[in-house]
Amino acid sequence: MELYLTKNFKTRGSKTLKVYLKNGGYKASKKALKKMKPEEVTEEIKKSGLRGRGGAGFPTGLKWTFMPKGNEKPKYIGCNCDESEPGTFKDRQIIENEPHQLIEGLIIGSYAMGIKACYIYIRGEYTMQAEILQKAVDEAYKENYLGKNIFDSGFNCDIYVHRGAGAYICGEETGLMESVEGKKGQPRKKPPFPAGYGLWGNPTTINNVETFCHVPHIINNGADWFKKIGTEKSAGNTIFGISGHIKKPGTYELPMGYNLKDLIFKIAGGIRNDNKLKAVIPGGSSTKVLPAGMVDVKMDHDSLMQAGSSLGTGAVIVMDNTSCMVRVGIVLSHFYRHESCGQCTNCREGTSWIHQILLGIENGRGKKEDIDLLLDVAGNMEANTICALSDAAAWPIQGLIKHFRGEFEDHIKSGKCTCPESFEI
Amino acid sequence: MPTFTINGKEVKTEAGKTILQAAVANGVRIPHFCYHPHLSIDGCCRMCLVEVEKIPKLTIACNTPVTEGMVVRTNTEKVLKARKGVMEFQLINHPLDCPICDQAGECKLQQYTFEHGITHSRFREEKRPGRKRFKIGPRVVFDEERCILCRRCVRFCREVSKTGELAVFSRGDKSIINTYPGISLDNKYSLNTVDICPVGALTNADFRFQVRVWFLEETKAVCPGCSNNCSIRICHRRGKVYRLLPRKNMDVNKVWMCDNGRITHKQIETSNRLTVPLVKKGNKLEEVSWNEAFDTIAKGIQKIKNNEIGAIGSPHATNEECYLFNKLIKNVFNIKNDIECIVPSWEADDLLIKKEKAANPQGAREFGVKTNDTSSVKKIIKGNLKALYIIGNDIIDNSNTKQDVLQTLSKLDFLVVQDTHNSDLSSIANVVLPSATFAEKEGTFTNINGFVQKTNRAVPCPAKAKPDLEILSGVAKAMGRPFETIEPDKVMDEISKNVKSFKNICYEKLGETGIKINN
Ligand SMILES: Cc1cc2nc3c(=O)[nH]c(=O)nc-3n(C[C@H](O)[C@H](O)[C@H](O)COP(=O)(O)O)c2cc1C
Ligand code: SF4
Ligand code: SF4
Ligand code: SF4
Ligand code: FES
């Protein structure tokens, strides 16, 4: 297993320009700017099969081709470092350890799409990370890796670090754009789509931090090299984050399609206190839970879809047998209730209703019809709203009930939690 | 013109229309809350979801442009289920007390709930509490519990009145409509938010709980508040006017009207209406019959030389009234002096409000009446005048000149005042003729841009007061020169024969929104 994203993370000073250069940094951008045409860069990314690492897994090269050619209007990149999906903390590792990798990815992306400026939207809570990132950007400007006429190629590239104020919804790409424009973070209706009408009404492409970080490596090593890593439809490595009741929580760079069970037991050391595994949320809080019996699954888009869940951000949340699934539902639904921007009827009302039904069950007010009611409400929240937060709030509830219906029934019947060692609400 | 299929029917639609607009144009109703044809598209309520072939998810009709060959279904099981879902979400936190809500009868939520046969609630939690009877502005009352957060009011203040007082604060289920800190919903158009609020969240402080809307009759009329002549509906019951609402007229006011226009009906019912004809006997004005009043005028006028008689018309009079007043003065009284009139004014804006604060100064001008602003009052009361026939009381509108004017006029030998209200002017008249307000008469107005619109009688005149056309005709008759007709439509036929700019105008052609004169 070859590491490329995190290979240098342990090197002393890996976040400095000096060390990044020593490790071969800014070669890819120089190659792209000096030796390749913009279309060739996009083509290479397309060929590599790179898919977005922000959660939806959209093919990156294809997304780039949606941008209009020509320069009638300024074009922008929004780099998504909002990283607010519970369980997800991979982009943070990149920023903390090797921010120039991201900057280089942005330079190449900018060149490919003819971008005027990049806005890195970093979540408000990432205070230290925003400083590191700003420092790296300043360094790059100083040495003319950013700014005017980079590598004497005639190409200019600007990056601005924009700090969020702490809202999950600003990670949704159009919510992000509103926030960058200084407005309330609320997703925009589509159409229009960002590639036509994005930041300040101009063509914009939004990609995740990690997505951009793959780009220099693809340019250096070629699309074919990249395609050989991972699975046929989910190429490359990715940074899995693992947290919860696990012995060695943290981030691990592994090829796409890596076995979830191996990730838990071989890589991350197994369950805390050698407890029994109960369930795993495989890809961040919005993905549907998998019961212990289903964790022998490959961590790629197709395999997890087949298993009835999704890869999401590759953020694995491990739960041992002390976890009460009703309470898990409460924690998750509270998050979505709190983070819904509130414009869509379904999401505004549904997130709060689900949370309240679950609290009712927790507090002994549950009725047996509540389980089907939860499914019905979740069903009505799905696929009908402006952005995917409503779906993201519905899916975990559907997953929990699908696999742990009995536990919900017990909870309702006995009027209290039936999981003796569970965490408290 | 793309062709598309809606519910199995192939129809054509204008390019660039959304599914919702094209559906409406083809008689297909798609329920919606946040969409409003005169505001930007929002897309937040999710009520208008429809099925479009080749799009896997349901899509909102209000924001999806129609494309050639598109196949849309608005009534499939999937659509109905989604709509019912949205309705359920809208209702869980909404009070279920329509019987005590002022919007009942004109509420979209109530209507759709009924149409979708939703009879019971699965919501067992406590409903979200909110501010009740909150004065969000001087003329608008807000009931937060009834708000469905469609944001029409927010968009109105941003896009139409361009005052931006409102926003949604907080997020998720804590979202609330409010004004920005330290300001209130106080703009010249604030009551339009009440009209467009689909539920009983925003109500008119003046109108709320006065009457059930289903008891109200509506009469199509024209706002007399300024020379924009917004098309309105007069809502009345048993001779009492309860509110004025805007009526769609794309050339004149779109679907809006100003807050000042909404209170123009207040004049109708005030206690100082003139209700009976009066004639000065000795030092006192005494009630007389109409005939006596008319005869008194005829005698009074005949005593005075033509060049010593003046006439002041009214910028509030209808076209027909202006025309017949003209005829009375020029043909019956045989006066050569110009008919003057005073037009009150206020500050115009670039939405609706026009500078001239009267319904028909433009019409008056078309009939040769000289319009003056209130500062030129003295100029038009010429020294040699012995008699004056005045319609209205704009001549004393300017407080700087009012006393001077009254003093001058009190020296006249003969003063006729035809007006709706008691005033310092009517109290010095020799003959007072009680006339009708805009809601009590029929006729046409010409707005500042030349649009002629019909206004209709909604309520009867109080006591013995009469529409001005009848009054003018009575005077003419007493003078021995009766008019051929005073039916408004016939008068207009006469006008169109005699006044060039009205050549193309006749009542049949006016329709509900009027047409433009030739000038
Ligand atoms: C509610 C919500 C929150 C999101 N938060 C993030 C986030 O924090 N970071 C991120 O990269 N993408 C997030 N996304 C996904 C973005 O909308 C977008 O798809 C992504 O940034 C595209 O990048 P990619 O193509 O590189 O994956 C979120 C989506 C939703 C609906
Ligand atoms: S789905 Fe939820 S978070 Fe997304 S736009 Fe609608 S209300 Fe806001
Ligand atoms: S007050 Fe009325 S118009 Fe405004 S958001 Fe609420 S329901 Fe809509
Ligand atoms: S703008 Fe003029 S005509 Fe229109 S409602 Fe206001 S006062 Fe009446
Ligand atoms: S009317 Fe279309 S979403 Fe509200």
Side-chain angles (χ1 to χ4, degrees), chain A residues 167-170 175 183-192 334-361 363 365-367 369-370 372-374 376-391 393-394, chain B residues 18 32-35 40-51 55-60 62-65 67 78-79 81-94 109 121-128 147-151 154 167-177:
Chain A
Y168 173 57
I169 197 55
C170 293
K183 301 177 187 149
K184 186 173 179 180
Q186 289 186 329
R188 299 175 182 171
K189 61 184 184 297
K190 289 136 231 163
H334 179 247
F335 173 77
Y336 290 104
R337 178 185 188 178
H338 185 65
E339 298 296 339
S340 162
C341 84
Q343 40 180 356
C344 311
T345 309
N346 311 43
C347 177
R348 176 182 69 243
E349 304 297 336
T351 49
S352 96
W353 195 3
I354 285 190
H355 183 231
Q356 291 178 70
I357 298 170
L358 288 168
L359 284 176
I361 295 176
N363 296 323
R365 283 184 280 115
K367 291 195 177 168
E369 335 51 292
D370 282 351
D372 287 327
L373 179 60
L374 281 168
D376 238 34
V377 173
N380 285 336
M381 290 169 67
E382 215 182 332
N384 285 342
T385 51
I386 292 178
C387 87
L389 188 141
S390 193
D391 308 67
Chain B
T18 62
H32 57 272
F33 290 113
C34 67
Y35 172 78
S40 66
I41 293 166
D42 190 311
C44 66
C45 77
R46 319 307 289 175
M47 188 61 184
C48 67
L49 289 163
V50 294
E51 216 172 309
I55 303 182
K57 293 186 192 177
L58 295 180
T59 182
I60 48 171
C62 65
N63 187 49
T64 310
T67 53
K78 196 170 161 192
V79 171
K81 183 175 179 295
R83 225 179 260 165
K84 231 173 152 160
V86 173
M87 285 302 301
E88 180 173 43
F89 285 134
Q90 289 291 23
L91 288 168
I92 58 172
N93 279 302
H94 193 92
L109 192 61
S121 170
R122 301 192 286 177
F123 187 72
R124 303 201 314 273
E125 323 302 326
E126 286 205 12
K127 286 187 189 272
R128 184 168 55 229
C147 172
I148 58 164
L149 289 161
C150 70
R151 305 196 287 204
V154 175
V168 179
F169 292 82
S170 292
R171 64 181 188 199
D173 68 325
K174 294 203 176 77
S175 301
I176 53 160
I177 291 287

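Below, all heavy atoms of this structure are taken into account, side chains as well, without hydrogens, waters or symmetry copies. Chain letters run A, B, ... following the sequence lines, proteins first and then strands; every chain starts at 1.
Applying the salt bridge (Lys or Arg N to Asp or Glu O under 4.0 Å) criterion to A/Lys189, with sequence neighbours excluded, gives no partner residue. Applying the salt bridge (Lys or Arg N to Asp or Glu O under 4.0 Å) test to B/Glu125 and every residue at least two apart in sequence or in another chain returns A/Arg365.
Residue B/Thr59: no heavy atom, backbone or side chain, is found under 4.5 Å from chain A. In this structure, chain B has no heavy atom under 4.5 Å from any part of A/Ile169. For B/Phe123, the parts lying under 4.5 angstrom from a heavy atom of chain A are both the backbone and the side chain. If you measure heavy-atom distances from B/Pro65 to chain A, the contacts under 4.5 Å come from the side chain alone. Only the backbone of B/Ile148 comes within less than 4.5 Å of a heavy atom in chain A; its side chain stays farther off.
With contacts defined as side-chain heavy-atom distances shorter than 4.5 Å, the pair B/Glu88/A/Asp376 does not qualify. Counting only heavy atoms from C-beta outward, the side chains of B/Asn93 and A/Trp353 never approach each other to under 4.5 Å. At least one side-chain heavy atom of B/Asn63 sits less than 4.5 Å from a side-chain heavy atom of A/Pro191. A/Asp370 has its side chain within reach of B/Arg124: a pair of non-hydrogen atoms, C-beta onward, lies under 4.5 Å apart.
Between the CG atom of B/Leu149 and the SG atom of A/Cys344 there is a distance of 11.5 Å, given to the nearest 0.5 Å. For the atom pair B/Cys34 SG and A/Gln343 CD, the distance stands at 10.0 Å (nearest 0.5 Å).
Checking A/Gln186 against B/Arg171 by side-chain atom types alone, no donor-acceptor pair falls below 3.5 Å. Using modelled atom types and a 3.5 Å distance limit, the side chains of B/Lys81 and A/Asn380 yield a donor-acceptor pair.
Heavy atoms of other residues, nucleotides or ligands lying less than 6.0 angstrom from NZ of B/Lys78 number more than 12.
For the options A/Lys367, A/Met381, A/Glu369, A/Lys190, heavy-atom pairs under 4.5 Å to chain B are most numerous at A/Lys367. With respect to chain A, the highest number of heavy-atom pairs below 4.5 Å among B/Arg46, B/Gln90, B/Arg122, B/Lys174 belongs to B/Arg46. Top candidate by heavy-atom pairs under 4.5 Å with chain A, chosen from B/Ile41, B/Thr64, B/Ile60, is B/Ile41. Per-residue heavy-atom pair counts under 4.5 Å with chain A were compared for B/Gly43, B/Cys45, B/Ala82, and the maximum is reached by B/Cys45.
When all heavy atoms of B/Val86 and A/Thr345 are compared, the closest pair comes out as O-CG2, 4.0 Å. Of all heavy-atom pairs spanning A/Ser352 and B/Asp173, the tightest one is CB-OD2, 3.1 Å. Closest heavy-atom contact between A/Glu349 and B/Phe89: CG-O, 3.2 Å.
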